[in-house]
Amino acid sequence: MNFILKSKLFWSFMVVLAFLLMVIGFFTKDLSMWFMAFIISILVKFYAEDILFSAYKSRFGKMRERLSEKEG
């Protein structure tokens, strides 16, 4: 079970599932799908933010450094 919670593929699937639930819930006007998508997004935020978005954080950090050098 611990391996699954550290799997990038599992959390990527959860992000796609939350997006699909939001889209389907929008067209069918079903609030329970929106609620489930919200819960999934909170779980991704707490458990998998570092797993999924660590590469992007380092890129944004480098871009901020370059921007601050140009401005300063």
Side-chain angles (χ1 to χ4, degrees):
M1 183 69 174
N2 197 16
F3 173 74
I4 292 173
L5 292 178
K6 292 183 179 180
S7 171
K8 190 172 186 175
L9 182 65
F10 173 73
W11 290 111
S12 300
F13 172 73
M14 293 301 279
V15 169
V16 171
L17 178 66
F19 176 75
L20 289 175
L21 283 173
M22 287 188 78
V23 170
I24 293 170
F26 176 76
F27 287 116
T28 61
K29 298 176 184 165
D30 188 5
L31 289 178
S32 65
M33 287 188 188
W34 279 71
F35 185 68
M36 288 303 296
F38 180 69
I39 290 174
I40 291 172
S41 64
I42 289 174
L43 288 174
V44 168
K45 170 73 175 158
F46 285 135
Y47 290 113
E49 184 179 17
D50 294 336
I51 296 170
L52 293 177
F53 304 114
S54 62
Y56 298 110
K57 284 184 180 181
S58 65
R59 287 183 194 169
F60 288 139
K62 290 177 185 176
M63 290 172 62
R64 286 183 188 143
E65 288 175 10
R66 287 187 216 150
L67 206 71
S68 66
E69 289 175 2
K70 288 181 181 178
E71 290 178 357

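Shortest non-hydrogen contact noted between Ala37 and Ala18 is CB-O, 3.4 Å. Contact record, Val44 with Trp11: CG2-CE3, 3.7 Å, taken as the closest heavy-atom pair.
The cluster map of Ile, Leu, Val, Met, Phe, Trp and Tyr, joined by side-chain heavy atoms under 4.5 Å apart, puts Ile24 and Phe19 in different clusters. In the hydrophobic cluster analysis, where Ile, Leu, Val, Met, Phe, Trp and Tyr join through side-chain heavy atoms closer than 4.5 angstrom, Val23 is grouped apart from Phe13. Linking Ile, Leu, Val, Met, Phe, Trp and Tyr whenever their side-chain heavy atoms come within less than 4.5 Å leaves Phe10 and Leu20 in two separate clusters.
Residue Ile40 holds its CD1 atom at 11.0 Å from CZ of Phe35, rounded to the nearest 0.5 Å. For the atom pair Met22 CE and Leu17 CG, the distance stands at 12.0 Å (nearest 0.5 Å). Here the straight-line distance linking atom CE of Met14 with atom OG of Ser41 works out to 10.0 Å at 0.5 Å rounding. Here the straight-line distance linking atom CD of Glu69 with atom CZ of Arg66 works out to 9.0 Å at 0.5 Å rounding.
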Problem set entry | Candidate pair Ile42 and Phe38, rule side chain to side chain contact (heavy atoms under 4.5 Å, CB included), full reasoning | CA-CA 6 Å; Ile42 289 174; Phe38 180 69; 3.2 Å; yes

For this session: Would you sort out whether Leu21 and Trp34 count as a side chain to side chain contact (heavy atoms under 4.5 Å, CB included), showing the intermediate values?
Result: CA-CA 7 Å; Leu21 283 173; Trp34 279 71; over 6 Å; no

For this session: Start with the C-alpha distance between Asp30 and Ser32, add both sets of side-chain angles, then the distance that settles side chain to side chain donor-acceptor pair (under 3.5 Å), and finish with yes or no.
Result: CA-CA 6 Å; Asp30 188 5; Ser32 65; 2.9 Å; yes

